[in-house]
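Each remark here refers to the structure printed beneath this line.
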There are 2 protein chains.
Amino acid sequence: MTALAKSDDWIDRFEGLSKLEPGLRNVLTTRSHVVRLPADSVIFGPGKSPDNLLLLLQGTVRVQQLAENGREVVLYRVTAGESCVLTTACMLAYEDYAAEGIAETDIVAAAIPRGVFDDLVASSKEFRNFVFRAYSRRITDLFHVIEDIAFRRMDIRLAQKIIERADTGVLKATHAQLAAELGTAREVISRQLAEFQRRGWIAQSRGVIEILDCEGLRALAQS
Amino acid sequence: MTALAKSDDWIDRFEGLSKLEPGLRNVLTTRSHVVRLPADSVIFGPGKSPDNLLLLLQGTVRVQQLAENGREVVLYRVTAGESCVLTTACMLAYEDYAAEGIAETDIVAAAIPRGVFDDLVASSKEFRNFVFRAYSRRITDLFHVIEDIAFRRMDIRLAQKIIERADTGVLKATHAQLAAELGTAREVISRQLAEFQRRGWIAQSRGVIEILDCEGLRALAQS
DNA sequence: GGCGCTTGTGTGACTAGGTCACTGATCGCG
DNA sequence: CGCGATCAGTGACCTAGTCACACAAGCGCC
């Protein structure tokens, strides 16, 4: 861990923090530290509550819910320029949750210790707004997850996911990963993808989905 | 709306606020107001964002998610002695959520205006802890809802709900209400209840479920 | 009382989604 | 090349959600 004293321009990358008072910028750069973690690190999870608020500078963190039977759902992702605020709430009390945060890529983050977080919340209206806005965003995400799982059809959700996560027409993911993403079973994904393939929308090979007809997918996704 | 200047003992009913500094107790009692709302009032919802933080003194508020097709799920309930914190997050930004809060009974609450909330967060560590603890609790609730919907069987969830919400062995609720509670369809509830009845666990009449064999239900509920 | 209206419940047929127990395919690697 | 590990496909079966009804209970009102 190294202090961030050298520069404070990273702060501006966080929506809502650019107008932070100069003195407090200093607090952030001198009292928070850079952490670097390799992909697949467990940032927090059952029995591992974080004691820093992370502001992500590079990489993405996937937050997912685990069930006893081994199934999982992805709740949301934290990307560069965002903060892992929900962990601040979870730092205190109510430890019995089964969500975990995992680095999806190598990540670089500014770690703000609990005490500094508290000071900043106390002393800066800017920072308070930043925190509550971040909460708002995450909670809205959770609402959407609930709506999706409870009320939307799998084929539609899968089509959306493919479009959303494909990079230049190609998505590298196994059926099992997509199932975990959507909170369903592997077989369900396999069958849906087989159907997409039958319709000529995609081509498949081990661990790879190639989009052939984006329009077809898109039409399904927004119905 | 009337100011609360006369007494401040209600503050102690909120876990985490009892050690609030005397000066700030004053702020709460003089700058917040009592609101009384009849059962079924919509506290907040799409297009109706609240501009007060409510601390519930009496009654309960049900927060539920609505879907286009008319179905709904109950996300959590706020009871006397708790606060409606998630609304503070939702007060700002990200207005596109489809959750609404409804008074389940006649309610009495202390309404803390946005500015006062902000002042208190700034000036009191006690109050900050109160707020973040409340967030923590709600978010944990949401995690549980997601886990339930995604991974648990309906019969188990229904048995739990019946036990949880029954009062002296009797639950007054229509099948449609229970369906909305659990985010499923009315027919599903009807069929499950028919099965519970066949097993001698409950008796039914219009709008009423009577528990006959609590052990049977309980055994199912915790499996 | 008999009449309609509203609300709540029961049912059958069907589709979608999840589970189980497999088989076969593909890959990396010694 | 052979072997183990991972990934994908499949059929049978069960649970859950949808649709289109019929039926029943309560309620007001001539």
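Letters A, B, ... are given to chains in the order of the sequence lines, protein chains preceding strands, and every chain is numbered from 1.
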Can you tell whether the side chains of [X] and [Y] come within less than 4.0 Å, N to carboxylate O?
X	Y	answer
A:Arg191	A:Glu187	no
B:Arg157	B:Glu181	no
B:Arg138	B:Glu82	yes
A:Asp106	A:Arg36	no
A:Glu15	A:Arg137	yes

Nearest-nucleotide comparison on DNA chain D, the residue closer to the 5′ end among A:Ala150 and A:His175: A:His175

DNA chain D contacts made by residues 181-201 of chain B, counting heavy atoms under 4.0 Å: B:Thr184, B:Ala185, B:Glu187, B:Val188, B:Arg191, B:Gln192

Contact residues, residues 207-223 of chain A to DNA chain D [heavy atom, < 4.0 Å]: A:Gly207

Any donor-acceptor N/O pair, B:Gln65 side chain to A:Phe143 backbone, under 3.5 Å: yes

Under 3.5 Å: donor-acceptor pair, side chain of B:Asp141, backbone of B:Tyr76: no

Set of residues satisfying side-chain contact (heavy atoms from CB on, under 4.5 Å) with respect to A:Glu164, sequence neighbours excluded: A:Lys161

Sugar-phosphate only, base, or nothing, as touched by A:Arg157 at under 4.0 Å among non-hydrogen atoms: nothing

Touch class at under 4.0 angstrom, heavy-atom based, for A:Arg152 against every strand present: nothing

Gap separating the CD1 atom of A:Ile139 from the CG atom of B:Leu75, nearest 0.5 angstrom: 11.0 Å

Rounded (10°) bend between the five-pair end axes of the helix from C:dG1-D:dC30 to C:dG30-D:dC1: 10°

Just how far, in rounded Å, is [atom2] of [N] from [atom1] of [X]?
X	N	atom1	atom2	value
B:Asp155	C:dT19	CG	P	13 Å
B:Leu158	D:dT15	CG	C1'	14 Å
B:Asn69	C:dA16	CG	P	16 Å
B:Glu68	D:dT18	CD	P	12 Å
A:Phe151	D:dG17	CZ	P	10 Å
A:Met154	D:dT15	CE	P	21 Å
B:Lys172	D:dG26	NZ	P	13 Å

Within the 6.0 Å centroid threshold, strictly below: B:Phe117 and A:Phe132: yes

Heavy-atom side-chain contact between A:Val61 and A:Ile107 under 4.5 Å: yes

Test item: B:Ile202 and B:Leu212 side chains (from C-beta on) under 4.5 Å apart, heavy atoms: no

Residue mapping more 5' on DNA chain C - nearest nucleotide basis, B:Gln204 or A:Arg153: B:Gln204

Closest non-hydrogen atom pair, A:Pro38 against A:Ala103: O-CB, 3.7 Å

If you restrict it to nitrogen or oxygen atoms, what contacts under 3.5 Å exist between nucleotides 22-25 of chain D and the protein, and what is each distance?
| from | atom 1 | to | atom 2 | distance (Å) |
| --- | --- | --- | --- | --- |
| D:dA25 | N3 | B:Arg206 | NH2 | 3.1 |

Set of ring-ring contact (aromatic ring centres under 6.0 Å, His included) partners for A:Phe196, sequence neighbours left out: A:Trp201

